[in-house]
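In what follows, a single structure is set out as structure tokens and then discussed.
Positions are given from 1, in the same order as the sequence printed here.
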Amino acid sequence: MLKFNHGIFFSAKLPLFFVFLGAGLFFLPKISQASFNGFVYERPIVINSGKVSTASGTSLSNFPILVSATLPDLAASSSGGTIQNLSSSGTPLDLIFSTGDGCAATSTGWEIEHYNSSTGEIQAWVNNGTLSPSAGLNFYMCYDNAAITEPQGFSVSVWDSNFRGVWHFGNGSSLNVGDSTSNNASMTAAGSLSAGVGQVDGVAAGFSGSNYLVASGTTLQDLNSFTYSAWI
């Protein structure tokens, strides 16, 4: 069986890279004070410049970063954490990613792919504009703000116009082939596909040889150069 672990990224921008949580991304201890723009806590996230590498050594613009961790204080308040409000789908509303200390400057965009309100486990794709292999990057996760009751981050802000389609494949138990970009290029399954354990967020789609996925619309057509990216 061929298994696409986590999802597929299709981009008209070459090359396509991602930074995953590992030796190059560090969560610093949370800080609590009254000046965080209404948020009780701010947690700095640091990307080590020595862990960022490109072929040309230039900076990467509109670059989605995967932030993945399990932090007990990110659980819902009903489970002993500090997240006060959840959306109808169970994602944290009073959690944002900020480009500046103090939580006033909001990141370009973020998409929460997975969140467990009981444990504080989270996987989020964050677009902070530019990632440099020489300077690294500091940004901030801000949370615990009872006044925020509406979603603050949107997936279409993470994936710029160069991304023609991004499919995460659901939650590991049920398959979801919706597109996270503004192109709305949802896929249609031909044959029976299974959901399984994958590389990111425990999500994968299993293919047995006679089934496949077809993207809707024309977003993947008429490209002279492109990149596919997927865990397989």
Side-chain angles (χ1 to χ4, degrees), residues 3-7 9 18-33 36 39-48 51-52 63-99 101 103 106-107 109-128 131 136-146 148 151-155 158 166-176 180 195-205 230-231:
K3 181 182 290 185
F4 278 90
N5 288 292
H6 167 63
F9 303 87
F18 296 96
V19 169
F20 295 96
L21 177 65
L25 194 154
F26 302 93
F27 288 87
L28 300 183
K30 67 182 180 183
I31 305 168
S32 175
Q33 64 184 44
F36 288 147
F39 293 90
V40 177
Y41 298 107
E42 175 188 83
R43 185 182 290 269
I45 301 174
V46 178
I47 296 180
N48 187 331
K51 300 298 181 180
V52 179
F63 188 85
I65 300 165
L66 175 63
V67 176
S68 177
T70 299
L71 302 170
D73 51 307
L74 291 187
S77 56
S78 58
S79 296
T82 61
I83 297 298
Q84 302 301 319
N85 298 308
L86 302 178
S87 69
S88 58
S89 60
T91 58
L93 295 175
D94 52 318
L95 182 151
I96 70 167
F97 292 91
S98 175
T99 57
D101 188 7
C103 304
T106 301
S107 296
W110 65 90
E111 176 186 13
I112 297 177
E113 182 184 343
H114 171 77
Y115 172 71
N116 187 319
S117 62
S118 298
T119 64
E121 180 187 13
I122 189 170
Q123 280 95 37
W125 295 92
V126 183
N127 187 334
N128 275 299
L131 182 63
L137 179 69
N138 293 356
F139 61 105
Y140 304 85
M141 182 165 56
C142 307
Y143 50 96
D144 192 350
N145 186 339
I148 294 182
Q152 303 297 301
F154 300 94
S155 63
V158 180
V166 175
W167 302 272
H168 296 304
F169 288 163
N171 58 19
S173 58
S174 61
L175 199 62
N176 183 328
S180 289
V197 177
Q199 185 69 29
V200 179
D201 185 21
V203 177
W231 288 93

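Annotation: the span from Asn85 atom CG to Ile148 atom CD1 amounts to 8.5 Å, rounded to 0.5 Å. Atom CG in Asn127 sits 10.5 Å away from atom CZ in Phe139 (nearest 0.5 Å). The CG atom of Leu74 lies 6.0 Å from the CG atom of Leu95; values are rounded to the nearest 0.5 Å.
Between Cys103 and Ser98, the shortest heavy-atom distance links the atoms CA-OG, 3.5 Å. Shortest non-hydrogen contact noted between Tyr41 and Phe36 is C-CD1, 4.1 Å. The two residues Pro44 and Tyr140 come nearest to each other via the heavy atoms CA-CD2, 3.7 Å. Between Ile83 and Pro92 the shortest heavy-atom distance is CG2-CB, 3.7 Å. Closest non-hydrogen pair, Thr91 versus Tyr115, comes out as CA-CD2, 4.1 Å. Annotation for Leu93 and Pro151: closest pair CD2-N, 3.5 Å, computed over non-hydrogen atoms.
You'll find the side chain of Tyr143 reaches within 4.5 Å of the side chain of Asp73, heavy atoms only. The side-chain heavy atoms of Ile45 and Ile65, taken from C-beta on, include no pair separated by under 4.5 Å.
Side-chain atoms of Arg43 never come within 3.5 Å of backbone atoms of Cys142 as a donor-acceptor pair (strictly under, hydrogens ignored). Within the 3.5 Å criterion, the main-chain N or O of Val40 finds no donor-acceptor partner in the side chain of Asp144. No donor-acceptor distance shorter than 3.5 angstrom exists from the side chain of Asn145 to the backbone of Asp94, with no hydrogens or angles considered. With hydrogens and angles ignored, the 3.5 Å screen pairs no side-chain donor or acceptor of Asn128 with any backbone N or O of Thr99.
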Derivation and outcome, side-chain contact (heavy atoms from CB on, under 4.5 Å), residues Trp110 and Ile96: CA-CA 8 Å; Trp110 65 90; Ile96 70 167; 3.5 Å; yes
side-chain contact (heavy atoms from CB on, under 4.5 Å) between Met141 and Val126, intermediate numbers included: CA-CA 10 Å; Met141 182 165 56; Val126 183; over 6 Å; no
Step-by-step side-chain contact (heavy atoms from CB on, under 4.5 Å) determination, Ser117 to Leu86: CA-CA 9 Å; Ser117 62; Leu86 302 178; 4.0 Å; yes
Worked verdict on Leu28 versus Val46 for side-chain contact (heavy atoms from CB on, under 4.5 Å): CA-CA 8 Å; Leu28 300 183; Val46 178; 3.9 Å; yes
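A parallel orientation is assigned to the rings of Trp125 and His168, their planes being inclined by less than 30° (bins at 30° and 60°).
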